[in-house]
Each structure stands twice: as C-alpha cells, then as structure tokens.
Amino acid sequence: MPVIALHHYTLGCTPDELDTLLAFYTVHIGLTDGPRPVIPFPGNWLYSHGQPIVHLAAFLDEPAKGGTGPLDHISFRAQGLQETRAHFRAHGIAYEEAPVPGWPLHQVFVRDPKGLKVELTFFLEEEQQPQQQSRAGHKP
C-alpha cells in the first residue's frame with residue numbers, strides 16, 4: 001500500500017503520543033521514519049519515496065483539545081487498493097470506502113490515533129483489478 005504523494009503536514013502532539021502516532025503512520029499507512037533536522041522538541045519525520053511528508057512534532061504540553069482542530073483530513077495518493085483493504089482488516093483498523101462518482105478515483109478513509117481523518121486516494125486505472133463502485137464502511 002505505498003503512498004505516492006503529498007508534500008507534508010505537521011501534526012502537533014505531546015511526547016507521550018509520539019510512539020502511538022509513529023506506529024500508526026509507519027505500520028498502517030506505510031510511511032518510513034527517517035532523518036529529521038535538529039529541532040528543539042521531540043518528533044519524527046515520516047517519508048514516502050524520499051520525501052518527508054508527515055512531521056510529528058511533540059511541542060504540546062497536553063493533548064490537543066477538540067480533536068484535530070480545524071484540520072479536517074489529509075489525503076495521500078496511494079496504490080494497492082486490495083492489499084490496503086486486507087491490511088486494515090488484518091490489523092482491525094476500521095475504514096470507509098467512497099468511490100468518486102464519474103471519476104476513476106476510489107477513496108479509503110481511516111482515523112489516526114488522534115482522530116484525524118486520513119484519506120487514501122487510489123486511481124482506478126492504476127489498480128490491477130476493477131473495483132466495486134459502492135460506498136461501504138468496514139469495522140474491525
């Protein structure tokens with residue numbers, strides 16, 4: 001389930017939340033923990049194809065109140081729809097699917113450990129097999 005593109009976004013958290021967030025984005029979204037400049041607070045830069053696209057920044061003293069604030073969701077371009085579905089099912093990750101009517105796109109939505117909605121966008125012409133064009137939710 002390789003992620004293909006997004007420049008980056010920064011998610012503020014507490015130092016205690018770093019391990020859980022790091023595991024979610026590496027194990028379940030498929031990013032890789034990588035080099036990070038010297039910055040005066042703990043954190044991780046998570047990479048796809050050599051580009052750091054998610055910055056985890058532990059600069060908060062307490063967990064953010066009100067979920068993820070004004071940030072609604074982050075979208076990653078991805079490949080491997082069937083493999084992604086199987087991975088989420090195997091790990092008990094709830095997800096929802098939403099094909100885009102009239103477009104060759106299929107969206108899969110999950111929530112990260114802080115409640116942020118993460119969208120994986122699959123371009124159907126890049127997928128090996130035709131995909132079912134219905135909206136479905138999947139609970140672990």
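One is the number of the first residue; the rest follow in order along the sequence. Computed over heavy atoms, backbone and side chain alike; hydrogens, waters and symmetry mates excluded.
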State, to 0.1 Å, how close [X] and [Y] come at their nearest heavy-atom pair, and which atoms those are.
{"X": "P104", "Y": "E125", "answer": "CB-OE1, 3.3 Å"}
{"X": "P101", "Y": "P99", "answer": "CD-O, 3.3 Å"}
{"X": "T121", "Y": "S75", "answer": "OG1-OG, 3.2 Å"}
{"X": "E127", "Y": "F122", "answer": "OE2-CD2, 3.6 Å"}

If you measure from [atom1] on [X] to [atom2] on [Y], what distance do you get to the nearest 0.5 Å?
{"X": "S48", "Y": "Y25", "atom1": "OG", "atom2": "OH", "value": "14.0 Å"}
{"X": "I93", "Y": "Y95", "atom1": "CD1", "atom2": "OH", "value": "11.5 Å"}
{"X": "I74", "Y": "E119", "atom1": "CD1", "atom2": "CD", "value": "10.0 Å"}
{"X": "E17", "Y": "D112", "atom1": "CD", "atom2": "CG", "value": "10.0 Å"}
{"X": "E96", "Y": "K117", "atom1": "CD", "atom2": "NZ", "value": "8.0 Å"}
{"X": "T10", "Y": "I53", "atom1": "OG1", "atom2": "CD1", "value": "12.0 Å"}

Mind checking what makes side-chain contact (heavy atoms from CB on, under 4.5 Å) contact with L18, not counting sequence neighbours? C13, P42, N44, L56, A58
By side-chain contact (heavy atoms from CB on, under 4.5 Å) - contacts of P37 (at least two apart): I39, W45
Salt bridge (Lys or Arg N to Asp or Glu O under 4.0 Å): pairs with one or both residues in residues 37-63, sequence neighbours excluded: E62-K65
Is the closest side-chain heavy-atom distance between [X] and [Y] below 4.5 Å?
{"X": "Q107", "Y": "E97", "result": "no"}
{"X": "D33", "Y": "L22", "result": "yes"}
{"X": "L11", "Y": "H55", "result": "no"}
{"X": "F123", "Y": "L105", "result": "yes"}
{"X": "F24", "Y": "I29", "result": "yes"}
{"X": "Y47", "Y": "P35", "result": "yes"}
{"X": "L21", "Y": "V54", "result": "no"}
{"X": "V118", "Y": "F109", "result": "no"}

Please report the C-alpha distance between L81 and H106 in whole Å, then the side-chain angles of each, then the deciding distance to 0.1 Å, and finally whether the side chain to side chain contact (heavy atoms under 4.5 Å, CB included) criterion is met. CA-CA 9 Å; L81 179 57; H106 192 88; 3.7 Å; yes
Using modelled atom types and a 3.5 Å cut-off, is there a donor and acceptor pairing between side-chain atoms of E126 and backbone atoms of Q79? no
Using modelled atom types and a 3.5 Å cut-off, is there a donor and acceptor pairing between side-chain atoms of H91 and backbone atoms of V27? no
Set out, in order, the CA-CA distance, both residues' side-chain angles and the distance that settles side chain to side chain contact (heavy atoms under 4.5 Å, CB included) for L116 and Y9, then state yes or no. CA-CA 12 Å; L116 177 64; Y9 76 94; 3.6 Å; yes
